A.B. asks: 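Right, I'll just put the structure down here and ask away after.
For this chain, numbers begin at 1 and follow the sequence in order. From a predicted model like this one, the values you see are computed outputs, not experimental measurements.
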Amino acid sequence: MVTKVSPAGGWRNIQYQGASFSYRDVTLSLCFIESHLTLIQILSFALIGGAVAAFAWGRFRYDVISLVALLVGVAIGVVPAKQAFTGFTSDVIVVIASALVVSAGIARSGVIETAIRPLLSRLKSLSVQVPVLAGVTAILSMLTKNVGALAILMPTALKLGRSEGSSVSALLMPMSFMSLLGGLVTLVGTSTNIIVSQVREETIGKPFEMFDFAPVGLGLTLVGLVVVSICWRLLPRDRTGNAGLEEVAAAAIYTTEATIPDDLPEGLRTIADLDLEKGGVTLIAIERADGQRVSALPDRTLTPGEVLVLEGSDEELGQLFGRLPLKQARSEEKLETREKEEVRTVEAVIQPDSPLIGLSAQRARLQEEHGIKLLAVGRSSQRITKRLREVTLRAGDVLLVQAGEKALPPFLASQMLLPLAERAVRLGNRRQRFGPVLILAAAILLVALNVAPVAVAFFGAAVAIVVIGALPMREAYDALEPEVLVLIGALTPISEAVQHTGGTGLIAAGLAHLLAGAAPILVLGVLMVTAMACSPFLHNAPTVLVLGPIAVSVAQRLHLSPDAFLMAVATGAGCDFLTPIGHQCNTLVMGPGGYRFWDYGRLGLPLSIMVIAVGVPLIAWVWPLT
């Protein structure tokens with residue numbers, strides 16, 4: 001920024017990012033410092049203040065507010081037109097989007113559920129369930145984005161609540177809070193770490209590395225787990241969660257088939273070894289290769305080629321096929337699809353005037369004439385005991401069908417089938433068990449060895465997961481959180497404009513004057529508390545974008561190390577434990593847990609006090625202030 005003073009009239013001319021502005025001096029007293037507040041600074045403060053007020057009001061969506069603020073910033077000249085969209089091309093957007101895709105790939109693989117499944121049978125009381133599930137959530141949040149880790153483990157908590165009669169409201173909030181703390185450990189665990197790394201690169205010249213956050217994050221996570229293991233008792237246990245549309249649809253019961261393969265592994269010899277009941281799946285019948293029905297006793301030996309008629313929800317059946325080497329129904333029958341056509345699995349209800357009524361799947365020749373593979377049938381009035389090909393279809397039956405995405409619309413229309421609300425269907429989808437985990441491990445290793453930058457490594461991991469077929473491209477798009485990406489992309493150039501116009505330095509000068517003479521650790525604590533207070537109203541990403549540059553300027557004016565102050569801002573902004581609106585994780589558990597707004601403070605207040613009491617001295621010790 002270049003400022004030129006005109007000899008007459010008190011006019012000044014400012015040149016900023018190629019734009020030129022003329023203005024009169026406006027002299028204000030800020031914290032007892034006489035400061036020349038320029039027109040461009042007044043406009044930038046007004047823009048930020050208006051956005052903050054809109055965020056706090058809560059009347060409009062965060063992403064809409066950020067887009068409008070960016071447009072207004074360009075219109076009034078605060079954000080140069082050439083710099084308006086730099087936020088959408090930043091490494092922050094790439095890392096966050098890639099981490100979300102990687103998290104979705106790992107969730108779809110089912111490897112996490114398989115790994116923790118042996119633990120579930122031993123979790124008989126809340127005093128054991130809470131620390132175990134909260135601890136697993138924290139560990140997973142260190143490797144993937146915290147909201148993705150929570151989404152992976154929430155169904156396990158809900159299922160545990162149903163099977164063991166545990167209070168879901170006592171489980172979900174501790175898991176949410178520990179996902180926030182676990183996300184503090186690595187660069188990719190939470191958006192605040194990613195953004196503060198970018199702020200460091202822009203202000204100091206070098207970003208934070210992948211594990212620079214680990215000493216502070218691990219310390220807070222360990223102490224936080226102790227607090228959660230004790231203070232979960234402050235939460236209400238009698239709340240009934242509100243099931244969403246997708247959860248209601250997921251509870252539908254289907255009948256499908258599984259064929260016993262020729263090469264059974266050691267340990268799978270009898271029906272009992274399949275452990276069907278613990279997975280929520282019921283064995284309806286067994287049919288031999290010659291078509292004869294045999295008894296389904298637990299001690300019956302598994303014979304290759306026999307067909308098991310199974311009943312369960314889509315999720316339970318999907319998990320079953322994920323952990324056992326059983327062949328899914330029609331898995332060997334290939335679908336005829338056009339080039340570059342994606343195979344999709346959908347649910348559809350048979351309407352009263354459907355031509356399929358009264359026909360069996362075999363007589364309807366679904367695959368031969370329509371290119372449709374029938375995977376399962378759901379019927380609410382009675383249990384289906386026949387093979388899928390023999391079931392006589394009725395009005396109201398729910399069919400789980402698979403086909404090329406271009407073949408589905410004409411089939412559904414011609415057969416009078418009503419598709420259900422679109423959701424991720426697990427049954428019938430080919431899953432890579434260990435591919436996504438190995439790819440994630442490779443990405444982390446490349447970053448740790450400084451072979452590749454974080455953005456490149458995680459972008460490569462996301463692409464690799466899609467390429468190997470572990471995540472269809474459609475589901476990769478669905479995994480993205482566009483509202484978060486738009487929010488960060490739109491606010492980044494505004495934050496940079498405030499910094500480049502000198503607004504950040506002006507605020508920092510006032511804070512430095514107020515805090516002059518105070519102990520450095522007290523200044524550190526003030527910034528952390530400020531970030532924690534702003535996060536519920538601004539969202540955690542804008543909080544870091546606004547306070548990060550200010551923290552660097554305050555540290556420099558007080559001749560202190562900026563790194564500790566950036567860590568304090570990132571930690572404070574990432575630890576909103578008092579409201580359901582400051583972070584997506586808290587919002588995610590609000591409905592299923594049946595929480596009210598003020599319930600978050602019951603467990604959140606002790607955790608917030610812990611973060612301040614432990615986090616401030618820990619940051620000062622790991623990142624020396626001088």
Side-chain angles (χ1 to χ4, degrees), residues 88-115 140 142-145 147-149 151-152 186-189 194 210 318-319 321-323 325 327-328 331-346 373 375 402-408 422-482 484-485:
F88 295 99
T89 60
S90 67
D91 285 356
V92 172
I93 298 296
V94 175
V95 173
I96 292 175
S98 301
L100 289 170
V101 172
V102 171
S103 298
I106 292 177
R108 194 175 189 273
S109 72
V111 68
I112 302 299
E113 299 158 348
T114 303
L140 188 57
M142 300 175 191
L143 305 175
T144 64
K145 201 168 183 300
V147 66
I152 292 173
T186 60
L187 177 63
V188 298
I194 300 171
M210 180 72 172
Q319 290 178 358
F321 287 112
R323 67 180 177 86
K327 296 180 182 179
Q328 298 185 38
S331 61
E332 295 180 351
E333 300 175 7
K334 293 186 178 181
L335 287 171
E336 294 185 5
T337 58
R338 302 177 186 177
E339 187 178 357
K340 300 180 181 178
E341 185 179 15
E342 186 174 316
V343 175
R344 298 186 60 189
T345 304
V346 299
K373 186 184 293 186
L375 300 180
Q402 187 177 69
E405 58 183 353
K406 293 183 180 179
L408 281 170
E422 188 168 353
R423 66 184 180 93
V425 180
R426 304 183 64 171
L427 189 60
N429 288 331
R430 185 171 62 91
R431 296 199 288 176
Q432 293 276 353
R433 291 295 304 277
F434 301 105
V437 175
L438 295 175
I439 290 172
L440 174 61
I444 293 176
L445 184 62
L446 290 175
V447 173
L449 298 177
N450 292 320
V451 175
V454 176
V456 173
F458 273 78
F459 175 74
V463 172
I465 285 176
V466 172
V467 168
I468 68 173
L471 189 69
M473 200 64 193
R474 182 182 298 274
E475 293 185 26
Y477 284 126
D478 291 340
L480 301 178
E481 296 179 13
V484 175
L485 300 178

A.B. asks: Please examine the side chains of Val102 and Ile439, heavy atoms only from C-beta on, and report whether any two atoms are closer than 4.5 Å.
C.D. replies: no

A.B. asks: Are the side chain of Ser109 and the backbone of Phe434 linked by a donor-acceptor contact shorter than 3.5 Å?
C.D. replies: no

A.B. asks: What are the two closest non-hydrogen atoms of Val94 and Ala455, and how far apart are they?
C.D. replies: CG1-O, 4.0 Å

A.B. asks: Find the distance between OG1 (Thr186) and CD1 (Ile194) and round it off to the nearest 0.5 Å.
C.D. replies: 8.5 Å

A.B. asks: Take Ile93 and Ser90 through the test side-chain contact (heavy atoms from CB on, under 4.5 Å) and record every step on the way to the result.
C.D. replies: CA-CA 6 Å; Ile93 298 296; Ser90 67; 3.8 Å; yes

A.B. asks: Using every non-hydrogen atom in the two residues, find where Ile468 and Ile465 come nearest and quote the distance to one decimal.
C.D. replies: CG1-O, 3.5 Å

A.B. asks: Nearest 0.5 Å, please: how far is CD1 in Ile106 from CZ in Arg108?
C.D. replies: 13.5 Å

A.B. asks: Going from CG on Leu100 to CG on Asp478, what distance comes out if it is rounded to the nearest 0.5 angstrom?
C.D. replies: 12.0 Å

A.B. asks: Would you say Val346 and Leu408 make side-chain contact, with heavy atoms under 4.5 Å?
C.D. replies: yes

A.B. asks: Using side-chain heavy atoms (C-beta onward) and a distance below 4.5 Å, is Val454 in contact with Asp91?
C.D. replies: no

A.B. asks: For Ala149 and Thr144, work out which heavy atoms get closest and say how close.
C.D. replies: CB-OG1, 3.8 Å

A.B. asks: Just do the side-chain contact (heavy atoms from CB on, under 4.5 Å) check on Val188 and Lys145 with the steps written out, would you?
C.D. replies: CA-CA 6 Å; Val188 298; Lys145 201 168 183 300; over 6 Å; no

A.B. asks: Taking the side chain as C-beta and beyond, is there a heavy-atom pair between Lys373 and Leu375 under 4.5 Å?
C.D. replies: yes

A.B. asks: Tell me the closest heavy-atom pair linking Leu485 and Leu480, and the distance in Å.
C.D. replies: CD1-CB, 4.5 Å

A.B. asks: OG of Ser103 to CG of Leu143: how many Å apart, nearest 0.5 Å?
C.D. replies: 9.5 Å

A.B. asks: Minimum heavy-atom separation for Pro436 and Gly105, please, with both atom names.
C.D. replies: CG-O, 3.6 Å

A.B. asks: With side chains defined as the heavy atoms from C-beta onward, is the minimum distance between Leu440 and Phe458 less than 4.5 Å?
C.D. replies: yes

A.B. asks: Search all heavy atoms of Ala479 against all heavy atoms of Ala104 and return the closest pair with its distance.
C.D. replies: CB-CB, 3.5 Å

